[in-house]
Amino acid sequence: MASRFNPLQADARWQQVWEEAGTFRASDDSNRPKAYILEMFPYPSGRIHVGHARNYTMGDVLARYRRMKGFEVLHPMGWDAFGMPAENAAMERNVHPGQWTWSNITTMKAQLKRLGFALDWSRELATCDPAYYGHEQALFLDLYEAELVYRKQSEVNWDPVDMTVLANEQVIDGRGWRSGALVERRKLDQWFLKITDFADELLDGLAALDQWPDKVRLMQENWIGKSRGMKFRFELCAPAQAGAQANAGPADGLLLSQEHKSIEVFTTRPDTIFGSSFVAVSPDHPLAVTLAQDQPEVAAFIAECKQGGTTAAELETQEKKGFDTGLEVLHPLDPEWRLPVFIANFVLMDYGTGAIFGVPGHDQRDFEFATKYRLPILRVVAASAEEADRAVEGEAENGDGVIVNSRFLDGLGVEEAKAQVIRRAEAEGWGEGTTVWRLRDWGVSRQRYWGTPIPIIHCDGCGAVPVPREQLPVKLPEDVSFDVPGNPLERHPTWKHVACPSCGGEARRETDTLDTFVDSSWYFIRFASQPADRPFDKAAAERWLPVDQYIGGVEHAILHLLYARFWTRALQRLGRLDVAEPFAGLFTQGMVTHETYRSADGRWVAPDEIEVGAGGLIERATGAPVQRGRIEKMSKSKRNVVDSDAIADQYGADAARWFLLSDSPPERDLEWSDAGIEGAWRFVQRLWRIATGPTH
RNA sequence: GCCCCUGUGGCGGAAUUGGUAGACGCGCUCGACUCAAAAUCGAGUUCCGCAAGGAGUGCCCGUUCGAGUCGGGCCAGGGGCACCA
């Protein structure tokens, strides 16, 4: 008997046995109870590193455990294969994104097999395969027919040099990350999915997800952002005789037009209605736009507001700016009370109604604004009735208290006063209680090549026409090049020129592709059932779904998980799948981190290029000293990635997996270390000795 | 700014409901084996102290016979959201 465990032989032997026996293949018609275990499928970026390995090891252990407990286990693997890195690679090394992607898949699949995971490879899929994305196009058309898809103008970050749209994270200090050109905000027609139709369901559904981390549920709750409040209208009136005569002309004209008789605002604090001292509209508000047509100074102010970036940091430091339109509105509860109307840079068009009423005493932004433009700061909430006359100083007070200086509301608590005002507004017809959401519809258009083509044809006569189902999949053309800036689909000589399916006339294909989050919004259904002629079979998919345990990084806590939940509910509404929630259990695992190293000239140096020299760490190739840096998440750019093959070859799959699971609790970060894997290796050896046993 | 999470040895971390703090592992130290090393086996390992003894779960206060655990107030680190009305 060998005196030591040889993982290279053992790994290979067992992996071959499992492969030949189809041990981990899930049967659709087993009568055992089912268990669907899924890890978030990887993007085929190049190679598997130990961070991937940790994620899949967790699922693997669970899958094997359930299997041993008598469950029929579905534990599949696939590839989230569309996305920008493939296009970047295409530009950098002049390879086709598809070729780059498929070659990465081959490599990474071999690496996963080397780790011996209990995966059902017979269900492997890649989202960049027409056999996958063709079905996605069909599902998109289903949603389109159900009127859950629409088209509207939306702003994008446009890089004028690369002639491409940039994601927010590709805009660095207002410049394109690749070209360095100043990014412009441009309006394009784009496709949207009506996720807001499901806002209530998606929020309520969270309560039932008791096997999800509270943290993730909370993040989704905040993201959906339900606010109860009141919408109400301020009637516009002619400006006061004194003061604003300069603007009298245009304003009078406005009064006559039907659309601008009143300004509708939204508030979560109707109780402070007697504390208002101004009304402000967004620079994008229709009223502002109308005023700009006649008044150059309004147009100039709006242009000024549009300068500058949209990043959080810039917005934070931006000064509150307003433009007095000279218009006035009537207070709904006092016809004698007139309030000035401003255009203000801090009012957002896409939240609420795009207009607010300012209560400087009890809202910090309004306070700053009122201070700057010398508007009254009224107190309407106080700690007690006795403090009604105390001035609000220094900053706005948004605490609880008792209503003061508010006529019929005096003495009420904040919540009672809210209800009282809403009741009165509804009775008198100038406003109503309402709910506003932070969640916006999901913009799915991407002006990129390497994604699922949106199956729509644009005809000058017929408008947007769905591609007939029998013509699906709309395949990406292969003969494209990336040596010129812009979207290759846009400039391809023939691809976009097609006949209109409706009238037969000349028409153009949609050249936008779908956001890759669409691809990952239903792959777990396709894993459960993959007929060739349709996206999935209802009964077969329902046998496996929901996923019993989903495992992945917390970085997907909001977008991916929310989109997948939406997509599943949309399919349910269409009667395609009777499942409300795709993931019954969710586990968010910690990251794998590693020390970083830098050379004297600031280059990142990979761990395997380093050794301990006389005076500390040195770079092996050059002997130059190396600085130990911070411990960070493994990433290619910082060169602190540990490849799974190197570890598997040196220590075997078991030691690697043992270390990845045992060193840190799974939900926390794990710091990869040589000492740690060495220890795990010795542990595996000890276990083997105990199991095989000395005979003496 | 708002919301949330986490602070325990050199390290990862244990400690059902408030009841022997530091399980288990890593690392380290010493010893055995060996010509020697690696591997392996054994012992030790919170800190201060030769010892007796004392201190100790981020800090301060409180509740309790008893607090890592419960309450209040801080500090530090991390995460999410954000001119959201």
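- In this structure, His331(A) NE2 and Phe234(A) CZ are separated by 6.0 Å, a value rounded to the nearest 0.5 Å.
- Heavy atoms from other residues, nucleotides or ligands lying under 6.0 Å from OH of Tyr65(A) number 12 at most.
- Using C1' as the reference atom, rC81(B) and rG62(B) are 35 Å apart when rounded to the nearest Å.
- Considering all non-hydrogen atoms of both residues, Thr588(A) and Pro213(A) come closest at OG1-CG, 4.0 Å.
- As judged by a 4.0 angstrom heavy-atom cut-off over every strand, Arg217(A) is placed among residues making no nucleic acid contact.
- Comparing the C1' positions of rG7(B) and rG22(B) gives a spacing of 16 Å, expressed to the nearest Å.
- For the P atom pair drawn from rU40(B) and rC26(B), the interatomic distance equals 10 Å after rounding to whole Å.
- The stretch residues 660-670 of chain A comes close to RNA chain B through Asp663(A), Ser664(A), Pro665(A), Arg668(A), each having a heavy atom under 4.0 Å from the strand.
- Distance noted for atom C1' between rA43(B) and rC33(B): 15 Å (whole Å).
- Between Ile647(A) and Val642(A), some side-chain heavy-atom pair lies under the 4.5 Å cut-off.
- Between Leu218(A) atom CG and rG80(B) atom C1' there is a gap of 8 Å when expressed in whole angstrom units.
- Looking at the side chain of Arg438(A), the nearest of the listed nucleotides rC81(B), rA85(B), rC83(B) is rC81(B).
- Closest contact between the side chain of Leu348(A) and the listed nucleotides rC84(B), rC81(B), rC3(B) involves rC84(B).
- In this structure, the CG atom of Asp350(A) is 13 Å from the C1' atom of rA82(B), given to the nearest Å.
- We find that Asp363(A) and Arg269(A) are not joined by a salt bridge, their nearest charged nitrogen and carboxylate oxygen being 4.0 Å or further apart.
- Classification of rG78(B) as anti follows from a glycosidic angle more than 90° from 0.
- A straight line from CG of Asn222(A) to C1' of rC4(B) spans 8 Å, rounded to a whole angstrom.
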Bracket notation of RNA chain B in which parentheses pair within the strand, [ ] cross earlier pairs, and | pairs with another strand (Watson-Crick or G-U, under 3.5 Å) = (((((((..(((......[....)))((((((.......))))))(((....)))..(((((..]....))))))))))))....
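- Taking only side-chain nitrogens and oxygens, Arg365(A) never comes nearer than 4.0 Å to OP1 or OP2 of rA85(B).
- Computed from coordinates, the Arg657(A) CZ to rG25(B) P distance equals 22 Å when rounded to whole Å.
- Residue Arg686(A) has a polar side-chain atom (N or O) positioned under 4.0 Å from OP1 or OP2 of rC26(B).
- The shortest heavy-atom contact between Ala355(A) and Glu264(A) is CB-O, 3.4 Å.
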Test Val329(A) against Phe357(A) for side chain to side chain contact (heavy atoms under 4.5 Å, CB included), laying out the working first.
-> CA-CA 11 Å; Val329(A) 291; Phe357(A) 76 105; over 6 Å; no
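- Cation-pi geometry between Lys321(A) and Phe301(A) is not met: the NZ or CZ atom fails to fall both under 6.0 Å from the ring centre and inside 45° of the normal.
- One C1' atom belongs to rA37(B), the other to rA32(B), and the distance between them is 15 Å to the nearest Å.
- Distances were taken from every side-chain heavy atom of Tyr351(A) (C-beta onward) to each of rC84(B), rG27(B), rC81(B); the shortest belongs to rC84(B).
- The distance between atom CZ of Arg440(A) and atom P of rC81(B), rounded to the nearest whole Å, is 14 Å.
- Remark: nothing in residues 366-377 of chain A comes within less than 4.0 Å of RNA chain B through any heavy atom.
- Nearest-nucleotide assignment on RNA chain B puts the 5′-proximal partner with Glu678(A), out of Glu678(A) and Met219(A).
- Considering all non-hydrogen atoms of both residues, Ser227(A) and Thr268(A) come closest at CB-CG2, 4.0 Å.
- When every heavy atom of Ala417(A) is checked against every heavy atom of Ile403(A), the shortest pair comes out as CB-CG1, 3.6 Å.
- Both Val347(A) and Lys215(A) lie close to RNA chain B; mapped to their nearest nucleotides by heavy-atom distance, the more 5′-ward contact belongs to Lys215(A).
- Rounding to whole angstrom units, CE of residue Met591(A) and C1' of rU6(B) are separated by 14 Å.
- Looking at every heavy atom in both residues, Ala344(A) comes nearest to Ala280(A) through CB-CB, 3.9 Å.
- With rounding to whole Å, Glu671(A) atom CD is found 17 Å from rC26(B) atom P.
- If you take CG of Leu687(A) and P of rC24(B), they are 17 Å apart, rounded to a whole angstrom.
- Using a cutoff of 4.0 Å between basic side-chain nitrogens and carboxylate oxygens, Lys231(A) and Glu432(A) are not scored as salt-bridged.
- Comparing rG80(B) with rU16(B), their C1' atoms sit 32 Å apart, to the nearest whole Å.
- Proximity note for Trp223(A) (side chain, C-beta onward) versus rC84(B), rA85(B), rA82(B): the nearest is rA82(B).
- In this view, Phe342(A) and Phe369(A), Tyr373(A) satisfy the ring pair (Phe, Tyr, Trp, His ring centres under 6.0 Å) rule, not counting sequence neighbours.
- Taking atom C1' in both rG9(B) and rC5(B), one finds a spacing of 24 Å when rounded to whole Å.
- For RNA chain B, the residues of residues 265-283 of chain A within the heavy-atom distance limit of 4.0 Å (strictly under) are Phe266(A), Thr267(A), Thr268(A), Arg269(A), sorted by number.
- Comparing the C1' positions of rG58(B) and rG78(B) gives an interatomic distance of 15 Å, to the nearest angstrom.
- Between Gly116(A) and Asp60(A), the closest heavy-atom pair is O-OD1, 4.3 Å.
- Taking the charged nitrogens against the carboxylate oxygens, Arg365(A) and Glu368(A) have no contact shorter than 4.0 Å, which rules out a salt bridge.
- Gln190(A) is linked by a side chain to side chain donor-acceptor pair (under 3.5 Å) to Gln447(A), counting only residues two or more places apart in sequence or in another chain.
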